Every structure is written in structure tokens, then in C-alpha cells.
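For reference, the structure is listed below as C-alpha cells.
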Amino acid sequence: MLDPKLVKEKPEIVRKMLADRHVQFDFDLLLSLDGKRRELIVKTDELRKLKNKMGLDVATKKKSGQSADSVIAEMQKVSQELQILEADQIKVGADYDRLAMTMPNLIHDSVPIGADNSANVVVRSWGAVPKFDFKIKDHIDISQELGLVDLERAAKTAGARFYYLKNSLVRLNQALIHFALDFLTEKQYGLIQPPYMINRSSMEGAIIADDFENVIYKVQDEDLFLIGTSEHSIAAMHADEILEGKDLPIRYAGVSPCFRKEAGAHGRDQKGIFRVHQFEKVEQYVFARPEESWKEHEKMLAVAEEFYQKLEIPYRVMLLSSGDLGKVSAKTYDIEAWMAGQNSYREIVSCSNCLDFQTRRLKIRFRDKSNEQTQYLHSLNSTLVATTRTLVAIMENFQTHDGHISVPKPLQKYLGSSTI
RNA sequence: GCGGGGGUCGCCUAGCCUGGUAGGGCGUGGGAUUGCUAAUCCCAUGUCCGUAAGGACCCGUGGGUUCAAAUCCCAUCCCCCGCGCCA
């Protein structure tokens, strides 16, 4: 959610953002609702003032033994009038909120302007693309031949985009998680294993309405939703809190399964475990002071890059354009890993600065001294590792001529072997 | 799941029975006083609308009763204690 003051005072900034993002949004309606909303606030406030004054009058009269009947009769009228006006105010307020909650975040100046991902910019590349002196396979073939994934049976029991991991791939999956947690622990991140289901109001803090349709699974008959990432749980964790400035920045390493509908992804990455409804992820989530969030953003990206360098997975860093940017994010870097079997770079990390967009929705503020004005924090999130996609990269890049997989060095100790 | 207790403006707490401006303590900031420190005293310390003056809102949440609700009634969420069930 954007600062209502900014929306009112500098609408041209919002209009430019909407144009740059190429989103449909009825901003004029929002402005007119905002005007109505303010107008009704003033009117009801005045009526309440009158009512409060009369109430006092009644109390004083009664105490001194005088009759308050005429004031009470008058108050009755005012109360009725107020009730009607209040109903109006609630309706307009709700309309405004509903619309305002769907408005995307501001865009940072450094973000390239463009309609879609074709305007994304390569920031840098790391690592040499591996060369093979034999005919390489993709992760589907490799995993089938080594008995590491069963897609057919998963289709039978759960549907498309599910999988049974088997044998050493189960261990490799766990090894990635274990390594990622050790890696972030060393960097002083606090470990968090969050609720995998959260209620609607918490979920609304982290995401925008469309996502409920396209990515989030709902639990039947309960006010509960399966998280699409631990980001959702962790964002809401400090809702309605005032944090102490001395504790900032707060850096969390979230670990959880992630559940995603993948609606609208029909036909893309249909087979294999690249795009699935469920996977494990270790996530970086940071609450920072506003003036420090851009520094933290670069830091999180650097942490993610270091992780893939340790795994020796070649990658490139992309800066997403305005049209490709997620709605809650003001700036996003993706890390795309080289995937030999697909002969291309594919997304494995998304690193975003959401500014005060999420914290404003969730009322997460801070201050240095208890009598100071509170400020909204900035929140940032970045993948450290989403296991299935990294498993794809490992299987494809580390395949050997005899049809096996060599295990990246940092994972060997967790796995207890150097090949699969 | 059942029975009992509870949720008050950063933290603690009074008020609820008996409806009528939410009071106190702590913390924090400022000021006064004081060789220094400490102690003491005064003021400030939530959200929203407003350029401001000012005003409204705020007692877990949502309804209801009433001229008027922190207070009475109903529903609901969460926490604590006991019982039951349970990996």
C-alpha cells in the first residue's frame, strides 16, 4: 500500500508508475473515492463532536438533579443522523481500501522502463558455462534414468506439476537446505521455520489481491491459506508491532515448503521439476531502516551470489524492467542459473526491495526512543535457494559422461558422497 | 472438545459489579531545581482528518441494547489454568 498522503499530494508520481508498469488501474476512481472519504470523515466528526457535547450536558444535568429530557430528545435525532452518515462512510472507506490495496508499489529510479522481460538488463555474469564432450541430457532424463524422480505416479496421486523425489535426490534436497541454513547462520541471520498456513489478513499484508487467484491455495472452510513462500509468513510475523531501532536491521533466514498454483503458466515447463506446485525454499527476509534498505538490497543479492559461487553454478544477474517487476516490489534482481540441459539461463533467485509497501499494510513500524514518532520499516526479500530449481541446475550442469551426477563440493559432507 | 480465568493508549496496571470526558505507575524525551551523580517536581509521549485553530477515534475483533458502552448482551479470535483426546 502506498502512503495515502503521497497519493493525494503527488498523483503524477503514481500515474507515471502505473504507466511504466503497464497495469490497468482506475486511478481517477481512487482519487474520487479518497475525496469522498475525506469529506465524510469531516462530516461525521462534526456530528460526533455535537453528540459528545450533548452527552456531557446530559451527565452534568443529571448529576445536579435537573431534567435532561430535552437534550436526550435532541441527541436521539443526532444519533440517528450519525448512523446513516457512518454507514456511508464505512462503505466509501471500504471501497477505497479495496482499490488502494490493489495498487502496485512505486518503482525505483534505477529500474529500466519497458513493457516486459525483453527490457530486462543483464547486470553481470559469473562462471564459465560448462562444456561437455558427450551428448548431454536434461534433468528429466537424468532423474528418470537414475531413479531419482517419479513424475508419472505423482500425476496419478496429485496431478501435473507434482513429483516424488527418491533416494539420493531426497538427500540432495535436504543437503541444499542444510547447507543454506549453515551458510546464513554464519552470516548472523536468525533462523525461522514459519507457519505453512496463515490467515487472510496476514496474507494480504504480503501480496496483492490477484495473487490469491493465481498463486495461493486456500484451505477449505478455514480462514487459512498455504504460503507461497516463507516470505508471506515472515512479513506478517511482526504485524502491528513497533520494533526498536537498536535491533535493526533484522535479518531472517526462513525455511519452509512453498505452495503455488502456477495458474496462467499453462504449457510452460510442463514436465520435470522446474515449475512445480510444491518445493522447499530457504529465504532471506530483512526488515531495515528506510535509509538503509537499498544498501541491504545489494547485500542480499551479494549473499545469494556467493551461495551459487560456492556451489559453482554459473549464473547471470538480471535487473527486471518496470513491466516485468512484481507489484509489491520497487526493484528486483533475478539470478538466472545456467541450466545445461536447456542450454539457457533460468530464474532461480528473485531479490526485491518492497520499501514500506508490505509494512504499511501490516503496520510494522520502528522507533529509536519510546517517545519518538514511529516510522514504517522497509522490507526486503530474496531467495537463497529454491531447492527444486537448484536441483535441476545441479543435475544438468554436473552430469557425467557415464550418466551420473557429481555432487557440488559444499554439499558432499551433507550427502556423504561425491557422486550420485 | 469441555469447564474456569483473562485480553485496557511502548510495557505494567486501575476502571467493568452499579453505563455518563480512560486514571495511575514504569520507560523515553524536554524543562525546573541541584558542586557532580542521584532524588524530587512540571510538561510531553497512540491513530486519523485538517495548512492551522481545532476535532474525531482508540479498552482483542465484529455485531446488538441505549440519548450515551471499556462498562450491559450476543458472536468470534487469541492467551493462561484444569480435564479429556492425541503424533
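Bear in mind that the values here come from a model prediction, so they are computed numbers and not experimental data. Here is how names work: the chains are called A, B, and so on, in the same order as the sequence lines, proteins then strands, and each is numbered from 1.
With the nearest nucleotide of RNA chain B identified for both A:I242 and A:I72, A:I242 has the one nearer the 5' end. Residues A:L50 and A:Q83 both approach RNA chain B. Their nearest nucleotides, taken by heavy-atom distance, put A:L50 toward the 5′ side.
The base-pairing partner of B:C48, taking Watson-Crick or G-U wobble contacts with both distances under 3.5 Å, is B:G55. For B:G1, the paired nucleotide is B:C83, the pair qualifying as Watson-Crick or G-U wobble because both relevant distances are below 3.5 Å. In this entry B:C26 has B:G10 as its Watson-Crick or G-U wobble partner, both defining distances falling under 3.5 Å. Base pairing analysis places B:G20 opposite B:C67; the two distances defining the Watson-Crick or G-U wobble pair are each below 3.5 Å. Look at B:C41: its Watson-Crick or wobble partner, with both distances under 3.5 angstrom, is B:G31.
Both tests hold for A:K187 against A:F183: distance to the six-membered ring centre under 6.0 Å, angle to the ring axis within 45°. A cation-pi geometry, defined here as NZ or CZ lying under 6.0 Å from the six-membered ring centre and within 45° of its normal, does not hold between A:R389 and A:F279.
As rounded to the nearest Å, B:G84 and B:G15 have C1' atoms that lie 37 Å from one another. Taking the C1' atom of each, B:A22 and B:A14 are spaced 10 Å apart, rounded to whole Å. Nucleotides B:U40 and B:G25 place their P atoms 12 Å apart, quoted to the nearest Å. Only the P atoms considered, B:C9 is 16 Å distant from B:U45, to the nearest whole Å. The C1' atoms of B:A39 and B:U34 are separated by 10 Å, rounded to the nearest whole Å. Rounded to a whole angstrom, the distance from the C1' atom of B:A56 to that of B:G50 is 11 Å. Annotation: B:G55 and B:U65 have their P atoms spaced 30 Å apart (nearest Å). The P atoms of B:U66 and B:G27 are separated by 47 Å, rounded to the nearest whole Å.
OP1 and OP2 of B:C77 both lie 4.0 Å or more from every side-chain N or O belonging to A:S201. Not one side-chain nitrogen or oxygen of A:K53 sits closer than 4.0 Å to the OP1 or OP2 atom of B:G54. OP1 and OP2 of B:A68 both lie 4.0 Å or more from every side-chain N or O belonging to A:N52.
Surrounding CD of A:Q412 are more than 12 heavy atoms belonging to other residues, nucleotides or ligands, all under 6.0 Å away. Within a 6.0 Å sphere centred on CZ of A:R153, other residues, nucleotides and ligands contribute 12 heavy atoms or fewer.
No contact: A:K61 has no heavy atom under 4.0 Å from any strand. Using a 4.0 Å heavy-atom criterion, one finds that A:T60 contacts no nucleic acid atom at all. The residue A:K62 sits close to a base: some heavy atom pair falls under 4.0 Å.
Relative ring orientation between A:Y217 and A:H277 is described as perpendicular, the plane-to-plane angle rising above 60° on a 0-90° scale split at 30° and 60°. Taking the six-membered ring for Trp and thresholds of 30 and 60 degrees, A:Y252 and A:F287 have ring planes more than 60 degrees apart, a perpendicular arrangement.
Comparing B:G55, B:G50, B:C57 by their nearest atom to the side chain of A:R48 picks out B:C57. Candidate nucleotides B:U47, B:C67, B:A56 were compared by shortest atom distance to the side chain of A:R365, and B:U47 ranks first. In the set B:A68, B:U51, B:G10, the nucleotide with an atom closest to the side chain of A:K51 is B:A68. In the set B:G20, B:G10, B:A56, B:G20 carries the atom at the smallest distance from any side-chain atom of A:V58. Taking every side-chain heavy atom of A:L56 into account, B:U21 is the closest of B:A56, B:U21, B:G20. Of the candidate nucleotides B:G55, B:C57, B:C67, B:G55 has the atom nearest to the side chain of A:K49.
In this entry the distance linking CZ of A:R200 with P of B:U76 reads 21 Å, nearest Å. Atom-to-atom, CG of A:D3 to P of B:U47 comes out at 13 Å; the value is rounded to the nearest Å. For A:D368 and B:U28, the CG to C1' distance is 12 Å, given to the nearest whole Å. Atom-to-atom, CG of A:D223 to P of B:A75 comes out at 20 Å; the value is rounded to the nearest Å. Taking atom OH of A:Y376 as the reference point, atom C1' of B:C48 lies 11 Å away to the nearest angstrom. Atom NZ of A:K246 is separated from atom C1' of B:U28 by 13 Å (rounded to the nearest Å). Between A:D240 atom CG and B:C58 atom P the separation is 17 Å, expressed in whole Å. Per the geometry, NZ belonging to A:K77 stands 14 Å off P belonging to B:C67, to the nearest Å.
The list of salt bridge (Lys or Arg N to Asp or Glu O under 4.0 Å) pairs with a residue in residues 345-357 of chain A, not counting sequence neighbours, reads A:D269-A:R346, A:D356-A:R360. Each salt bridge (Lys or Arg N to Asp or Glu O under 4.0 Å) pair with one or both residues in residues 234-245 of chain A, not counting sequence neighbours, appears once here: A:E244-A:K246.
A heavy-atom distance below 4.0 Å to RNA chain B is reached by these residues of residues 36-47 of chain A, ordered by number: A:R38, A:I41, A:V42, A:D45.
Ionic pairing of A:E12 and A:K16 is not present here: no N-O contact between side-chain nitrogen and carboxylate oxygen is shorter than 4.0 angstrom.
Under the side-chain contact (heavy atoms from CB on, under 4.5 Å) test applied with A:I405, the options A:L169, A:I394, A:L391 reduce to a single match, A:I394.
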